[in-house]
Structures are given as structure tokens and as C-alpha cells.
Number of protein chains: 2
Amino acid sequence: MPRWELGSADRLKQAAMELFREKGFEDTSVVEIAARARVTTRTFFRYFPDKRDVLFAESEGLRAGLVARIRQAEDVTNPLHTIVRAMTEFDWDAMGGRDVQRHRQAVIAANPELLERDLIKHDDIAVEFTGVLRERGVDPDTARLAARVGIQLFFTAYESWLAAPDDADLAAITGDLMSRLASIVPIGA
Amino acid sequence: MPRWELGSADRLKQAAMELFREKGFEDTSVVEIAARARVTTRTFFRYFPDKRDVLFAESEGLRAGLVARIRQAEDVTNPLHTIVRAMTEFDWDAMGGRDVQRHRQAVIAANPELLERDLIKHDDIAVEFTGVLRERGVDPDTARLAARVGIQLFFTAYESWLAAPDDADLAAITGDLMSRLASIVPIGA
DNA sequence: CACATGATGTCGCGCCGTGACATCACGCTA
DNA sequence: TAGCGTGATGTCACGGCGCGACATCATGTG
């Protein structure tokens with residue numbers, strides 16, 4: 001029998017998610033989260049750098065996975081296409097299931113502090129994408145633009161996908177947005 | 001003679017900027033900022049909701065100004081063009097001068113906490129743009145995409161503009177990025 | 001059986017941000 | 001001129017966040 005229960009990090013994540021949904025992010029203290037997970041406050045901060053980050057524990061793996069896809073993509077002659085394709089083909093259903101993602105998204109959207117963290121995580125991904133594209137020979141300015149626009153386009157699609165019924169097709173949504181983008185990018189300019 | 005010096009907010013802003021540049025954002029406490037501005041800590045929080053926001057005091061005016069431009073734009077048949085054009089024509093030199101903006105940008109870029117705040121301010125602008133475009137009859141999904149992509153494109157250009165010599169032309173840079181975007185948006189898809 | 005390991009607890013601290021109340025120069029009005 | 005309201009600031013107390021330092025103790029390893 002171990003001296004303590006196993007899986008403190010998982011219990012903390014679950015406790016935090018529950019409390020954030022029950023009483024909101026601001027009205028939940030780290031002390032409460034830790035108590036529900038049956039550990040001390042200090043232990044919380046050993047697993048997560050701050051209160052917000054408990055909702056973003058998987059983001060490093062996500063970023064690494066996406067970057068690997070870009071790095072291994074067959075061709076990057078059209079970097080925007082490469083990025084959106086790589087992100088679309090990612091196995092999002094492995095991120096805890098649709099409803100888990102919906103709940104997480106709802107909590108984030110309801111709290112500016114969490115939204116800030118979400119945005120910078122996306123920005124981190126964009127920065128890494130930019131670097132990989134440049135390594136693969138894409139013009140620096142084009143790489144940065146493609147990374148940023150690609151991320152915006154994809155996560156816009158991702159939101160719609162989460163909001164849609166379970167049988168919605170993510171690829172179809174990204175494809176639709178790509179068409180819309182093509183229709184509003186000034187062709188002649 | 002007033003009981004206190006006038007312009008506490010301005011003194012706080014300047015003191016904060018000085019200290020952030022001298023010793024960094026994290027190593028500067030609100031107590032120090034307030035002391036240099038010759039007020040108490042409590043007064044700091046009467047002018048700014050939190051420590052980060054002291055660098056974003058002008059952002060509300062910026063957002064309002066940009067939104068007004070979108071609202072008054074002659075035509076929105078190409079929302080992406082409308083947005084980028086409106087932002088490009090904004091009087092950025094009125095925001096305190098190039099060097100002030102460069103210093104501000106440098107401080108923000110050096111601190112993730114400030115970058116988070118910067119990103120959510122951009123996001124706020126995107127949300128408002130989306131609303132205005134929809135009011136003006138743009139399809140909801142297209143409006144959101146155009147707002148987000150337009151903001152990314154413009155601020156990417158803005159960064160380059162700040163990094164460039166003083167005689168650089170912002171419109172030329174945004175135009176260049178628009179061309180690059182046109183070249184990587186899959187035409188046939 | 002002794003010891004290193006590693007996760008957790010305990011304690012103290014500085015900083016952030018806020019509510020409540022006090023202070024007091026200024027301007028207005030009788 | 002005396003009085004009064006206003007508004008910016010100060011003062012105080014407090015809860016929450018996040019971290020450094022050290023103690024505790026089950027496990028497993030020799």
C-alpha cells in the first residue's frame with residue numbers, strides 16, 4: 001500500500017474541472033481544489049505552475065504532436081495548406097472525448113483569465129510552426145504569416161466542430177473556411 | 001495648489017515603463033511603481049485593474065477607434081480588405097511615437113504575462129470586428145474568419161513596421177503580406 | 001537492516017488585488 | 001465668510017497566489 005493515493009495530478013485536474021464548472025474559476029481557490037483532491041495546496045503547485053495551468057496540462061503534448069506532423073509533412077510548398085491539413089488530421093478525439101473538450105472550452109470561454117492562457121498556448125504553437133517551416137526552407141515572413149493564419153483558421157473551425165453535433169466532420173469545416181478565405185483574399189492585390 | 005500632484009495615472013504609467021525596462025516586469029512590484037509615482041499602492045489599483053494593465057491603458061481607445069473605422073467603412077464586400085485597410089490607415093504615430101511603441105513592444109515580448117494580455121486585447125478587437133461585420137450584413141462565419149485573419153495579418157505587419165527603420169511604410173508592408181497570403185491560399189480548393 | 005529515493009506535508013513569506021473607512025483641498029452656495 | 005458636498009488620496013485589514021526551505025516516511029534496493 002503506497003503511503004499516499006496515486007495519481008495526484010489526475011485528481012487535481014478532475015477536481016479543478018468540477019469546481020470550475022460548479023462555481024466558476026474565480027470563485028474557486030486552489031485550497032479548495034487541493035482539498036477535493038485530498039492533497040495540500042503546496043502539492044498543487046508542484047504539478048501545475050499556476051491555477052490556470054491545471055486546464056492546460058495536455059497542451060504540451062498537443063503542441064509536440066502537431067509540430068511533429070508539420071516536421072514530417074511530405075511537402076511544404078503551400079505552408080498554409082500543410083498546417084491546416086496537419087491540424088485537421090490530428091486525433092482530437094484522443095484528447096479526452098468530445099464532451100470533455102466541450103466542457104473545457106465552455107469553462108475557458110467563460111473566464112478571461114483562462115482565455116488569455118488559451119490564446120498564448122495557440123501563440124506558442126504558431127511560434128513553433130513558424131520555426132519548423134523556416135527550417136524546411138519557407139521564406140521567414142511567409143512562414144510566420146502562414147503559421148498565424150493557419151492557426152486562426154483551424155481553431156475557428158475547431159470551435160464550430162465542437163459546437164456541432166457529434167457526427168460533424170472537422171475536415172469539412174476546415175475546408176469550408178479555406179474556401180471562404182480564398183473568396184475574400186484580394187486576388188488582384 | 002492642489003492637495004496632490006496632478007496626473008497620477010500618467011506618472012504611474014511612466015514609472016511602470018521605466019521600471020519594467022530597468023529590472024523587468026516580474027522583478028518590479030506594484031509597491032515600487034507606486035513609490036516612484038509618489039502615490040500609494042492602493043491608488044495604483046484605482047487607475048489600473050492589475051499590474052499588467054498599466055501597459056495597456058490606451059488599448060480601449062485604440063479598439064474604439066478601429067471599430068469606428070470599420071463601422072464607417074464605405075463597403076464591406078471584402079471584409080478582409082476592409083479590416084486591413086482600416087487598421088493600416090489608423091494613425092499609429094499618435095500612439096506615443098515610434099520609439100515609445102518599440103519600447104512597449106520589447107517589454108511585452110520579453111514577458112509571457114504581458115504577451116498574454118496583448119493577445120487577449122487583440123482578441124477583443126477581433127470579437128468587436130466580427131460583430132460589426134455581421135451588423136453590416138457579412139455572413140457570420142465569414143465575418144469571424146475575416147476578423148481573425150485580418151488582425152493576425154495586420155499585427156504581423158505592425159511588428160515588421162516597428163522593427164524597420166523610421167521611414168518604413170506600413171501600407172507597403174500590409175500589402176506585401178496580403179500578396180503573400182494570396183499566394184498561399186489554395187485557389188482551387 | 002541500513003540507506004537512498006521521491007512524493008508529500010508543514011511553515012513562513014512576499015506580492016497581488018479589494019473592501020471599508022478616514023482625510024482633506026477645492027469649489028459651490030447661502 | 002461659514003458651511004457643505006465632492007472627489008482624489010491615504011490607511012488598514014484581509015484573503016488568495018505562488019515559492020523556498022525543510023521535515024516526514026513508505027518503498028525498494030543492497
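In what follows, every chain begins at residue 1, and chains take the letters A, B, ... in the order their sequences are listed. In this text the structure is predicted, and so the values were computed from the model without any measurement.
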Calculate, to the nearest 0.5 Å, the distance between atoms CD and CZ belonging to A:Glu116 and B:Arg52 respectively.
->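 Those atoms lie 4.5 Å apart.
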
Got a donor-acceptor pair under 3.5 Å from the side chain of B:Arg46 to the base of C:dG17?
->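 Between C:dG17 and B:Arg46, which were checked side chain against base, a qualifying N/O pair under 3.5 Å is absent.
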
Does any donor-acceptor pair link the side chain of A:Arg42 with the base of D:dG20 at a separation under 3.5 Å?
->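 A donor-acceptor contact between them is present.
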
Looking at [X], does any N or O in its side chain come under 4.0 Å of the phosphate oxygens OP1/OP2 on [N]?
X	N	value
A:Tyr47	C:dA7	no
B:Thr43	D:dG10	yes
A:Thr41	D:dC17	no

How many whole angstroms separate atom [atom1] of [X] from atom [atom2] of [N]?
X	N	atom1	atom2	result
A:Phe48	C:dT8	CZ	P	11 Å
B:Leu12	D:dG10	CG	P	10 Å
A:Asp53	D:dC17	CG	P	15 Å
A:Glu113	C:dC16	CD	P	15 Å
A:Asp27	C:dT18	CG	P	14 Å
B:Arg11	D:dA8	CZ	C1'	12 Å
A:Ile33	D:dG16	CD1	P	12 Å
A:Phe44	C:dG9	CZ	P	14 Å

Between the side chains of [X] and [Y], is a donor N or O closer than 3.5 angstrom to an acceptor N or O?
X	Y	value
B:Thr156	A:Arg148	yes
A:Gln105	A:Gln101	no
A:Arg180	B:Thr142	yes

Parallel, tilted or perpendicular: rings of B:Phe155 and B:Trp92 (30°, 60°) |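 Because their plane-to-plane angle is over 60°, the rings of B:Trp92 and B:Phe155 count as perpendicular.
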
Measure from the side chain of A:Phe45, starting at C-beta and using heavy atoms only, and say which of C:dT8, D:dG10, D:dG18 lies closest.
->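 Nearest to the side-chain atoms of A:Phe45, counting from C-beta on, is D:dG18.
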
Which of these nucleotides, D:dC17, C:dG17, C:dG9, is closest to any side-chain atom of A:Ser29?
->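 Shortest atom-to-atom distance from the side chain points to D:dC17.
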
